[in-house]
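One structure below.
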Amino acid sequence: MRITQAVSRETDRPEVAEVDLRGLRFGVSPRFREEDVEHTRALAEIAAELLPPIIVHRPSMTVVDGLHRSRAALLRGEHTIRARFFDGTPEEAFLLSVRANRAHGLPLSLFERKAAAARLITMFPGRSDRSIAASAGLSDKTVARLRRRPRPAPAAPHLGRAHL
């Protein structure tokens with residue numbers, strides 16, 4: 001299956017489910033800091049129905065996109081959160097996380113975007129510089145420079161680092 005198909009099947013599916021916050025795991029984010037407390041507090045002030053559903057990797061129940069929304073729901077005293085499910089591989093889940101975090105919410109830093117691109121290069125060596133650049137929010141020239149740097153073999157993405 002092509003990655004674009006795997007990622008688009010999540011966004012094409014309109015079904016949204018209520019998920020128990022206690023059953024969720026975290027660990028697929030391209031962020032280096034797990035949580036920005038101020039951002040979480042700001043989201044907690046917004047009604048849950050006004051926020052987009054989180055995205056959860058169904059096989060592992062790992063949050064692919066929505067850590068801050070999940071923590072904000074807890075601050076509001078909620079026990080469930082609206083979620084869409086993604087059924088791809090751990091690598092596809094990381095790609096989706098990068099794309100989602102680049103597209104909305106708390107922006108990724110330049111350092112985080114470069115690190116995410118470097119991981120994507122090792123996970124998907126056949127993808128073009130332009131494709132990885134578009135996913136990470138970088139120029140294709142930056143990705144080409146990252147590709148030329150020697151890199152250790154990638155570790156498989158770890159899904160499910162911690163529970164709420």
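Using a 4.5 Å cut-off on side-chain heavy atoms (C-beta onward), E78 and E18 make no contact. Using a 4.5 Å heavy-atom cutoff, the side chains of P30 and E112 are not in contact. Using a 4.5 Å heavy-atom threshold, the side chains of E45 and R41 count as separate. Residues R82 and I54 have side chains not in contact (no heavy-atom distance under 4.5 Å, counting atoms from C-beta outward). Side-chain contact between V28 and P90 is absent, with no heavy-atom pair separated by less than 4.5 Å. Side-chain contact check for V64 versus V56: every heavy-atom pair is 4.5 Å or farther apart. Residues F86 and L96 are in side-chain contact: their nearest non-hydrogen atoms beyond the backbone lie under 4.5 Å apart. With a 4.5 Å cut-off on side-chain heavy atoms, R84 and P52 do not count as touching.
Residues meeting the side-chain hydrogen bond (donor to acceptor under 3.5 Å, both in side chains) test with H79, sequence neighbours left out: none.
The number of heavy atoms from other shown groups lying within 6.0 Å of CZ (R130) does not exceed 12. Within a 6.0 Å sphere centred on CZ of F111, other residues, nucleotides and ligands contribute 12 heavy atoms or fewer.
The two residues F26 and R71 make their nearest non-hydrogen contact at CD1-NH2, 4.2 Å. Among all heavy-atom pairs drawn from A44 and A72, the shortest one is N-CB, 3.6 Å. Between I81 and A73 the shortest heavy-atom distance is CD1-CB, 4.2 Å.
The closest side-chain donor-acceptor pair between S131 and S128, if any, does not fall under 3.5 angstrom. Using modelled atom types, one finds a donor on one side chain and an acceptor on the other under 3.5 Å when comparing D65 with H104.
The hydrophobic cluster containing L67 also contains V19, counting ILVMFWY residues as joined when their side-chain heavy atoms lie under 4.5 angstrom apart, directly or transitively. In the hydrophobic clustering of this structure, I46 does not group with L74; members are Ile, Leu, Val, Met, Phe, Trp, Tyr whose side-chain heavy atoms approach within less than 4.5 Å, directly or through other members. Under the 4.5 Å side-chain heavy-atom criterion for Ile, Leu, Val, Met, Phe, Trp and Tyr, L75 and L24 are members of distinct hydrophobic clusters. One hydrophobic cluster, built from ILVMFWY side chains closer than 4.5 Å, cannot hold both I121 and L108; they sit in different ones. Residue V63 is not grouped with residue L43 when hydrophobic side chains (ILVMFWY) are merged at heavy-atom distances under 4.5 angstrom, including chains of intermediate members.
For the pair R99 and F94, the cation does not sit on the ring face, since its NZ or CZ is not both under 6.0 Å from the ring centre and inside 45° of the axis.
Remark: of the listed residues D140, L138, T142, D140 is the sole one forming a side-chain contact (heavy atoms from CB on, under 4.5 Å) with D129.
With rounding to the nearest 0.5 Å, the separation of CG in N101 from NE2 in H68 is 9.0 Å. Atom CG in D36 sits 5.0 Å away from atom CG in L106 (nearest 0.5 Å). Rounding to the nearest 0.5 Å places CZ of F85 at 11.5 Å from NE2 of H57. Between the CZ atom of R25 and the CE atom of M61 there is a distance of 10.0 Å, given to the nearest 0.5 Å. For the atom pair H39 NE2 and E35 CD, the distance stands at 10.0 Å (nearest 0.5 Å).
For the pair R102 (side chain) and S135 (backbone), a donor-acceptor distance under 3.5 Å is present.
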